[in-house]
Amino acid sequence: MEKSRFADWLEKKYLSWQIENGRASIRQFSEWLDINQALVTQWMNDKAKPGPKTIHLLASKLGDEV
C-alpha cells in the first residue's frame with residue numbers, strides 16, 4: 001500500500017531537518033516539533049493524520065503548506 005501524500009511530505013521534512021541537524025532520531029525531531037513522538041511516528045507510518053492543534057504546531061515549525 002502506498003503512503004499518503006502527508007506521510008511522504010512529513011518524511012521529506014524529517015530528512016531535510018536531519019540534513020540541517022545531523023543524523024537525529026524521530027524522537028529528537030518530535031521534541032523539536034513539540035509533538036508527542038508516538039503521534040509523529042503514526043503520521044510517518046500513515047496510521048493517523050494530525051488534528052487542528054497539531055496542524056498548528058506543524059505549521060509553526062515546518063511552514064504553512066502543511
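Small disclaimer: the values here were computed from a predicted structure and weren't measured.
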Mind checking what makes side chain to side chain donor-acceptor pair (under 3.5 Å) contact with [X], not counting sequence neighbours?
| X | value |
| --- | --- |
| Ser60 | none |
| Gln42 | none |
| Gln37 | none |

- Query: side-chain contact (heavy atoms from CB on, under 4.5 Å) between Leu33 and Trp17: does it pass, once the steps are laid out?
  - Reply: CA-CA 11 Å; Leu33 290 171; Trp17 181 83; over 6 Å; no
[X] side, atom [atom1]; [Y] side, atom [atom2] - distance, nearest 0.5 Å:
| X | Y | atom1 | atom2 | value |
| --- | --- | --- | --- | --- |
| Gln18 | Ile26 | CD | CD1 | 8.0 Å |
| Tyr14 | Ser30 | OH | OG | 8.5 Å |
| Thr54 | Trp43 | OG1 | CH2 | 4.0 Å |
| Phe6 | Leu58 | CZ | CG | 5.5 Å |

- Message: Take a 6.0 Å sphere around NZ of Lys47 and say whether it holds more than 12 heavy atoms from other residues, nucleotides or ligands.
- Response: no
- According to the salt bridge (Lys or Arg N to Asp or Glu O under 4.0 Å) rule, which pairs have a member within residues 51-66, sequence neighbours left out?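 Salt bridge (Lys or Arg N to Asp or Glu O under 4.0 Å) check on residues 51-66 returns Lys13-Glu65.
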- Scan residues 16-42 for pairs that pass salt bridge (Lys or Arg N to Asp or Glu O under 4.0 Å), counting only residues two or more places apart or in two chains.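 For residues 16-42, and leaving out neighbouring residues, the salt bridge (Lys or Arg N to Asp or Glu O under 4.0 Å) pairs sorted by first residue read Arg27-Glu31.
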- Message: Under the rule for side-chain contact (heavy atoms from CB on, under 4.5 Å), what residues qualify as partners of Ala38, not counting sequence neighbours?
- Response: Asn36
- Query: Okay, side chain of Asp46, backbone of Ala7: is any donor-acceptor separation there less than 3.5 Å?
  - Reply: no
- Item | Close side-chain approach of Asn21 and Trp32, heavy atoms under 4.5 Å | no
